[in-house]
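Keep in mind the model is a prediction, meaning the values are calculated, not measured.
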Amino acid sequence: MKILIKAVIFDMDGVIIDSEPLHYEANKEIFSSLGIPIQDVPYSNYIGVSNEDMWQDLKNTFGLPYSVNELVEKQNNETLKYFKKSLFETY
């Protein structure tokens with residue numbers, strides 16, 4: 001009997017690369033651009049938390065004028081820059 005595999009789930013974070021430092025650097029950049037003092041953010045509370053939950057909490061705490069979706073999009077764009085930069089520095 002053949003079994004047809006329809007999907008594979010693979011978690012790359014922390015398995016192949018430690019991406020948390022890149023996320024942290026990207027988030028620090030965004031926090032700075034939004035006027036959020038990094039020393040006022042308990043960043044370790046957000047490790048392993050969804051981006052949406054993190055930004056909802058920060059939006060509520062700091063009264064950010066953006067939607068959670070807009071903040072997540074900013075984060076994704078900034079994080080992608082850091083990943084690309086890191087990749088090119090590696091090679």
**Item:** Heavy-atom side-chain contact between Glu70 and Ser67 under 4.5 Å
**Value:**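 Sidechains of Ser67 and Glu70: in contact.
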>> Do Lys74 and Tyr66 have side chains that approach each other closer than 4.5 Å (heavy atoms only, starting at C-beta)?
In response: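 Counting from C-beta outward, Lys74 and Tyr66 do come under 4.5 Å.
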Distance-minimising heavy-atom pair for Asn51 and Gln75: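 That would be CG-OE1, 3.0 Å.
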Could you give the distance from [atom1] ([X]) to [atom2] ([Y]), rounded to the nearest 0.5 Å?
| X | Y | atom1 | atom2 | answer |
| --- | --- | --- | --- | --- |
| His23 | Phe83 | NE2 | CZ | 4.0 Å |
| Glu29 | Leu34 | CD | CG | 10.5 Å |
| Leu71 | Leu58 | CG | CG | 8.5 Å |

Worksheet entry | Residue list, side chain to side chain donor-acceptor pair (under 3.5 Å) with Thr61, at least two apart or on another chain |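 Side chain to side chain donor-acceptor pair (under 3.5 Å) check on Thr61 returns nothing, list empty.
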Exercise. Flag yes if Tyr24 and Tyr82 sit in one hydrophobic cluster, no otherwise; membership is Ile, Leu, Val, Met, Phe, Trp, Tyr, and two members link when side-chain heavy atoms are under 4.5 Å apart.
Key: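 Tyr24 does not cluster with Tyr82.
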Margin query: Between Phe31 and Leu22, is there shared hydrophobic-cluster membership here, with clusters defined by ILVMFWY side-chain heavy atoms closer than 4.5 Å?
Written below: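 The answer is no; the residues belong to distinct hydrophobic clusters.
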Around Glu73, counting heavy atoms of other residues, nucleotides and ligands shown, do more than 12 lie under 6.0 Å from its CD?
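Not more than 12 within 6.0 Å, no.
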**Prompt:** Is it true that the side chains of Thr79 and Asn76 contain a donor and an acceptor less than 3.5 Å apart?
**Reply:**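 There is no such pair between these side chains.
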**OP:** Could you verify whether a donor N or O on one side chain and an acceptor N or O on the other, from Asn60 and Gln56, lie under 3.5 Å apart?
**Re:**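 A donor-acceptor contact under 3.5 Å links the two side chains.
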*Looking at residues at least two apart in the chain, or sitting in another chain, which of them share a ring pair (Phe, Tyr, Trp, His ring centres under 6.0 Å) with Phe62?*
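Residues passing ring pair (Phe, Tyr, Trp, His ring centres under 6.0 Å) with Phe62: none at all.
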Would you list the atom pairs, donor with acceptor, under 3.5 Å between side chains in residues 38-47 and any protein atom, with sequence neighbours excluded?
from, atom 1, to, atom 2, distance (Å)
Tyr43, OH, Asn27, ND2, 2.7
Tyr46, OH, Asp57, OD2, 2.3

